[in-house]
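Chain identifiers are assigned alphabetically (A, B, ...) following the order of the sequence lines, protein sequences preceding nucleic acid strands; residue numbering begins at 1 within each chain.
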2 protein chains.
Amino acid sequence: MPILSGIKTDVNELEELRLITAHGGYIGLAQVNLSPGNLELNAQKIASYIRYAESIKLDMVVFPELALMGYPINDTIERHPFLVEENIKWLKVLAEITGNTAALVGFVEPRGQYDEGKRFYNSVAILRNGEIEGIVRKSLLPNYSEFNDYRYMEPSPVVGVQPSDTLCMFSRDNMVETDGIYTLNGIKYGISICEDLWNNKDFFDKNLYDKDPISELKKAGAEVIINCSASPTRVRKEQLKHNLLAFTAFSHKLPIIYVNQVGAIDNISFDGASRGVNKYGDLFACAKSFEEDFIIVNPMKSEGEIEPITNGLEKSLNEQKVFTLEYESDLERTYKTILQGIRDYFSKCGLKRAVLGLSGGLDSSVCAVLLADALGKENVFGISMPSKLTSAESKSDARELADNLGINFTEISIKPVVDTTTECLDNLFNDVGKKWNDRYANSFTPDNIQARSRAMYLWGISNEFPSCIPIATSDKSELYMGYATINGDMSGGYAPIADVPKTKLFAFARWLNLNRETKNAIPKSVILKKPGAELAIDPKTGKTLNAEDALMPYEFLDEIIWRIENKNESYKDLLNVEFIYETKCPISRQQKVEWLDKFYSRMSKALYKWSILPPSVIVESRSINKADYNQPITSCRINYKGHSVARIRQILLCKEL
Amino acid sequence: MPILSGIKTDVNELEELRLITAHGGYIGLAQVNLSPGNLELNAQKIASYIRYAESIKLDMVVFPELALMGYPINDTIERHPFLVEENIKWLKVLAEITGNTAALVGFVEPRGQYDEGKRFYNSVAILRNGEIEGIVRKSLLPNYSEFNDYRYMEPSPVVGVQPSDTLCMFSRDNMVETDGIYTLNGIKYGISICEDLWNNKDFFDKNLYDKDPISELKKAGAEVIINCSASPTRVRKEQLKHNLLAFTAFSHKLPIIYVNQVGAIDNISFDGASRGVNKYGDLFACAKSFEEDFIIVNPMKSEGEIEPITNGLEKSLNEQKVFTLEYESDLERTYKTILQGIRDYFSKCGLKRAVLGLSGGLDSSVCAVLLADALGKENVFGISMPSKLTSAESKSDARELADNLGINFTEISIKPVVDTTTECLDNLFNDVGKKWNDRYANSFTPDNIQARSRAMYLWGISNEFPSCIPIATSDKSELYMGYATINGDMSGGYAPIADVPKTKLFAFARWLNLNRETKNAIPKSVILKKPGAELAIDPKTGKTLNAEDALMPYEFLDEIIWRIENKNESYKDLLNVEFIYETKCPISRQQKVEWLDKFYSRMSKALYKWSILPPSVIVESRSINKADYNQPITSCRINYKGHSVARIRQILLCKEL
């Protein structure tokens with residue numbers, strides 16, 4: 001039976017809803033988009049949904065993890081602890097507006113008096129009838145990839161609900177021996193927070209934690225599991241999530257109500273898709289992906305609506321983790337992840353407009369499409385900035401793309417700035433060369449002057465026009481290779497495709513041309529031409545250098561990245577495994593060694609560039625985004641090939657002090 | 001009784017040493033400088049010291065935490081786990097070179113078969129007579145500020161030594177019931193790793209962890225505590241460390257041997273100063289600060305040498321934490337911390353030279369001195385890059401400074417680039433303004449063009465001459481205010497003073513003038529003039545705008561920063577507390593509110609700039625360095641003033657959906 005979802009204002013629809021909810025057991029899943037630390041905004045949103053839930057007489061309305069504060073808030077609460085005090089004030093007033101409908105609201109809870117451990121709990125309050133009825137605290141605190149809970153939060157020593165008088169003063173000493181179950185209108189709820197659900201010992205081969213809160217809640221008599229979450233999207237993570245939810249629900253014979261945050265906070269994009277799974281492990285309700293949504297479910301009756309799930313958020317596979325380089329199925333998710341990333345970064349920072357260089361190449365073209373869709377075409381300015389190396393085709397491709405998208409466009413030569421700068425630098429280099437007489441015979445200086453002149457234009461526009469930032473168009477493959485100019489193309493206020501590898505970008509461009517309202521916005525020639533920055537002439541051909549000649553075939557490069565990130569393969573593994581690339585295009589071992597050596601050497605030198613990368617949304621299962629991955633820059637001399645024990649003996653046993 | 005320390009090669013000195021060590025109980029503290037992941041380099045260093053210790057018949061030689069891998073290695077070992085396998089190979093060969101002298105070597109230990117928890121242990125192996133005699137694993141895993149142990153490491157369930165056959169296959173199941181004590185030549189050693197020492201419940205008001213490994217080792221019969229550490233330097237941390245060591249040794253009546261890493265890894269500088277504290281809590285031996293060193297001690301006899309401790313690493317205060325804005329005592333430590341930071345970043349990355357703009361101002365002058373001292377004057381190039389706003393005094397100050405330091409110097413006008421760029425941008429802005437008709441009446445574009453033109457020159461030199469990077473000269477006060485140009489003065493390969501507030505820089509410049517071999521290298525006028533970027537004209541005065549007029553008095557600004565970072569004061573706290581600044585220079589409440597508002601508003605907008613800050617050494621007790629502090633950029637709309645409950649009620653209780 002379908003239940004009306006979304007926010008209704010029509011009197012008849014509301015009445016229809018009330019007739020249904022009057023039977024009891026109906027829960028609202030408030031999938032909200034939050035701003036970190038913006039208590040006023042978040043609380044107003046929460047209050048609106050509480051009022052709505054109340055008006056349609058739901059038993060309960062559930063918000064995501066840390067709904068009041070926004071997730072993640074990271075070190076902010078350590079340095080500015082007043083923010084935590086403030087969130088308690090807002091929580092208490094939110095309680096005042098509740099009536100018969102219980103509201104589950106996530107918040108940061110200070111621990112009050114305590115002898116050991118961290119300063120805060122990651123908590124959910126049950127608000128009802130003007131009061132706080134109970135507090136649930138997160139037991140399992142993730143501390144990997146983008147998760148940093150354990151930096152500030154203390155794990156709860158107990159699962160389920162504790163009395164409201166423990167608010168801000170909970171300790172092992174005042175822990176009440178209860179079953180931890182929250183009973184409402186005769187139904188027994190086991191309430192958990194995000195990671196609490198992710199430690200099923202029968203499902204995972206290895207678990208990060210000792211205890212399984214869901215099993216404990218089941219044992220305590222829970223009839224329904226509620227999970228307040230903030231779970232970011234990653235390639236294929238949705239499959240894992242679906243399988244875990246289905247498995248857990250089925251094996252415990254317990255329906256699960258899962259409420260996820262939606263929206264992006266800095267580099268992290270949350271996909272929403274809040275849902276209900278019944279005790280047979282079947283999905284019976286699902287909210288929209290990548291949009292704020294409110295759905296109503298009845299877990300005891302498996303009632304609810306199922307929104308179509310975004311492609312790439314499949315729910316049909318059985319494997320725990322699937323390794324594949326198949327991009328096609330993930331392109332819609334990729335699109336929505338980045339779009340949400342751009343939109344939320346801009347709106348939460350009070351930005352409105354973007355300016356970017358249009359080279360006629362793939363990276364800037366895809367960025368332009370994404371920006372037009374995220375910000376509105378009137379808020380995007382594409383600038384074609386040709387140099388003497390820019391081909392006529394590149395210029396016309398840039399213009400055609402802008403026309404197709406309807407974004408603002410202009411063309412301006414960088415020649416005057418490049419010429420003047422080059423002349424000044426020639427004098428300067430002569431001066432410097434008198435002291436440092438080992439000047440490179442062939443340097444990248446001319447290439448970089450071009451890229452930096454363009455960035456100078458873009459940042460100029462950003463300084464001159466309100467609420468506008470320039471866009472860094474670097475892609476993941478090139479960032480791995482350090483094939484990006486500092487203060488040039490890798491500089492910007494935001495980097496939309498920094499976590500998308502080049503081969504995926506080709507598939508993505510085709511997908512965009514087929515699936516957007518305006519078809520074929522990206523000129524075919526952009527997709528067909530070989531990538532190259534048009535910054536230098538290849539001495540061998542006399543034409544502009546193409547990127548694959550400077551680096552290696554993108555298909556091979558992206559497969560290395562994928563194998564390292566997803567399978568943690570080593571240099572030796574890579575050398576010995578047969579690449580998908582090799583099955584299509586056999587190469588000599590010598591060639592493979594050469595490319596692998598180049599990869600590791602360039603990657604080691606790129607670590608610094610990763611450290612100054614602009615904010616950019618995480619898209620893939622693993623990334624080089626600072627919010628996700630941190631490798632010391634000074635580890636640039638790791639020997640990725642390793643040594644045999646015999647060689648190590650030779651090195652260590654022969655050396656004297 | 002003094003014992004010869006450092007590495008001796010003289011035959012007589014060696015013989016003298018052997019006469020002493022023949023009595024037994026002598027331990028070498030090998031305070032080494034390590035490169036993250038560079039196993040070959042680290043292992044060779046370790047092997048050298050093992051051989052030396054063996055040659056002078058020490059009972060034991062102790063290395064810092066994770067000596068083989070280098071600390072921190074961060075996410076590298078998760079993505080490239082082969083590196084952990086490699087470190088085991090090196091460890092086993094290191095065992096082969098040991099004889100009668102036990103060597104305690106830190107390494108990353110994979111857990112082998114395990115059902116739950118993280119992948120690795122942070123371990124120390126006891127190598128002796130060609131074999132691994134036992135393994136100690138870290139129990140307490142820090143996860144705050146620059147520490148990320150708990151991201152990868154599993155806490156050991158047991159303190160002290162476990163048998164060698166548990167190597168790479170230790171679990172709760174094969175845990176041997178021992179006292180955990182390592183007995184060597186009749187002396188019982190309790191071996192611990194860094195944080196294991198930092199949870200003394202009698203010393204600290206609050207503790208982060210449940211258990212105290214040192215107490216457990218004492219109970220198990222330890223006669224000496226060994227602690228392998230990697231403990232970064234911070235303002236006043238040394239006082240805390242000294243007090244903790246003294247207190248712990250005295251209260252347990254146990255001597256403590258503390259071996260610290262020295263050297264910098266990326267943003268983190270380790271001060272060394274390894275030491276022995278006797279059972280009365282007295283320091284009886286101490287290695288050099290900020291230098292690789294090897295000292296010999298006998299903890300049972302309280303024998304050893306005491307190197308003078310660097311100023312700022314005092315050891316006399318009794319308070320746990322001291323809050324003060326007094327810079328004077330900390331300037332030598334600051335100097336050595338930054339010098340080591342620069343030197344190690346350059347050497348570990350294979351860099352040699354630095355180029356920086358010399359404006360004649362305080363920031364660039366201090367940077368130039370530090371670079372000259374860290375890299376050698378021949379490896380530093382100072383470039384004076386005047387614009388039409390640059391005063392004659394600024395130009396001559398820059399030249400005088402370079403002369404005093406003996407660094408390379410040249411002068412080049414930025415006028416041609418600024419003029420050409422300005423002209424091009426004027427055309428571009430007209431074009432863009434046709435679509436976006438809300439161009440700022442007064443923008444910072446002209447200021448930024450100047451700063452970016454300079455960066456263009458510096459990066460050009462870095463591209464043209466080998467092993468050279470440009471230096472970002474931004475200081476901490478200005479970074480807090482976002483008073484730094486993206487792709488301009490805040491851009492560079494390294495930022496030496498990014499964690500030094502402006503008022504401290506004034507004191508520091510004076511200190512440098514007094515304490516370096518060449519006195520008064522920094523011209524007096526540089527220190528006396530009011531800071532200002534000479535990028536714009538103040539319409540009020542007709543002279544170049546000075547920074548304090550654009551911002552607020554630096555003394556006030558730095559006190560806000562210090563109060564927030566050290567005392568976690570809120571807007572309200574700051575408003576109500578009397579600033580040290582106010583005692584000297586009373587201000588109206590209105591003025592204070594204006595400055596505080598400006599501070600929070602500018603800081604909120606600066607978060608993006610913090611995220612793209614170049615590598616820079618952490619100097620102060622707290623910082624905005626990415627390695628230490630992470631606040632979401634999208635948290636820029638936090639209301640730092642907070643609201644009264646009455647106002648919150650007004651906001652939430654009146655709003656309808």
Side-chain angles (χ1 to χ4, degrees), chain A residues 36-38 47-48 51-52 74-76 81-82 86 89 93 116 143 150-151 207 265-266 348 408 410 412 416-417 420-421 424-425 428-429 431-432 435-436 443-445 448 452 456 460-461 463-465 487 491 568 570 612 629-638 642 645 648-649 652 657, chain B residues 36-38 47-48 51-52 74-76 81-82 86 89 93 116 143 150-151 207 265-266 348-349 408 410 412 416-417 420-421 424-425 428-429 431-432 435-436 443-445 448 452 456 460-461 463-465 487 491 568 570 612 629-635 637-638 642 645 648-649 652 657:
Chain A
N38 194 334
S48 301
R51 285 213 176 79
Y52 178 68
N74 283 341
D75 299 347
T76 322
F82 96 97
E86 283 291 303
K89 293 199 302 203
V93 178
E116 60 207 27
N143 196 68
Y150 191 64
R151 270 174 82 88
N207 287 274
I265 290 184
D266 283 27
K348 290 173 190 179
N408 303 299
T410 190
I412 177 173
V417 176
T420 308
T421 306
C424 291
L425 280 180
L428 180 59
F429 294 161
D431 263 8
V432 173
K435 302 292 175 62
W436 290 348
S443 77
F444 291 104
T445 315
N448 288 331
R452 289 185 188 127
M456 186 93 103
I461 294 173
N463 289 146
E464 198 70 13
F465 293 88
N487 294 6
S491 151
N568 297 138
S570 68
I612 56 161
Y629 182 72
N630 187 294
Q631 175 170 354
I633 300 168
T634 49
S635 77
C636 53
R637 290 180 171 183
I638 287 175
V645 173
I648 292 175
R649 282 214 180 91
L652 287 187
L657 193 69
Chain B
N38 195 334
S48 300
R51 286 212 175 79
Y52 178 68
N74 283 340
D75 300 347
T76 322
F82 96 97
E86 283 290 302
K89 295 198 306 204
V93 178
E116 60 206 26
N143 197 69
Y150 191 66
R151 271 174 81 88
N207 287 274
I265 291 184
D266 285 26
K348 290 172 190 179
C349 289
N408 303 299
T410 190
I412 178 172
V417 176
T420 309
T421 306
C424 291
L425 280 181
L428 181 58
F429 294 161
D431 264 9
V432 173
K435 301 290 176 62
W436 290 347
S443 78
F444 290 104
T445 315
N448 288 332
R452 287 182 190 131
M456 186 92 105
I461 294 174
N463 289 145
E464 198 70 13
F465 295 89
N487 293 8
S491 151
N568 297 139
S570 68
I612 56 161
Y629 182 71
N630 187 294
Q631 175 170 353
I633 300 169
T634 48
S635 76
R637 292 182 171 180
I638 286 175
V645 172
I648 293 175
R649 282 213 182 94
L652 287 187
L657 193 72

- Task: Starting from the C-alpha separation in whole Å, work towards a yes-or-no answer on side chain to side chain donor-acceptor pair (under 3.5 Å) for B:N487 and A:S491.
- Result: CA-CA 8 Å; B:N487 293 8; A:S491 151; 2.9 Å; yes

- Message: Working note: A:D75 + B:Q631, criterion side chain to side chain contact (heavy atoms under 4.5 Å, CB included); need CA distance, chi angles, decisive distance, verdict.
- Response: CA-CA 6 Å; A:D75 299 347; B:Q631 175 170 353; 5.8 Å; no

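Most heavy-atom pairs under 4.5 Å with chain B: of the set A:V645, A:N408, A:V432, A:T421, this distinction falls to A:V432. Taking B:N143, B:I412, B:V93 one by one and counting their heavy-atom pairs under 4.5 Å with chain A, the maximum is reached by B:N143. Residue with the most contacts toward chain A among B:R649, B:K348, B:R637, B:R151: B:R151 (heavy-atom pairs, distance under 4.5 Å). By number of non-hydrogen pairs under 4.5 angstrom with chain B, the leading residue of A:I638, A:N38, A:I265 is A:I638. Taking A:D431, A:D266, A:N448 one by one and counting their heavy-atom pairs under 4.5 Å with chain B, the maximum is reached by A:D266. Chosen from B:T420, B:N207, B:T76, B:T634, the residue pairing most often with chain A at heavy-atom distances under 4.5 Å is B:T634.
A:C424 touches chain B through backbone and side chain together, each having a heavy atom under 4.5 Å away. Both the backbone and the side chain of B:I648 come within contact range of chain A, each with at least one heavy atom under 4.5 Å from a heavy atom of that chain. Heavy atoms of A:I633 lying under 4.5 Å from chain B belong to its backbone as well as its side chain.
Counting heavy atoms from C-beta on, the side chains of A:T410 and B:L428 come closer than 4.5 Å. Under the 4.5 Å side-chain criterion, counting only non-hydrogen atoms from C-beta, B:N463 is in contact with A:R452. Residues A:Y629 and B:N74 form no side-chain contact, since every pair of their non-hydrogen atoms from C-beta on lies 4.5 Å or further apart. Residues A:F82 and B:N568 fail the side-chain proximity criterion, which asks for heavy atoms closer than 4.5 Å.
Listed here is the closest heavy atom pair of B:E86 and A:G642: OE1-CA, 3.3 Å.
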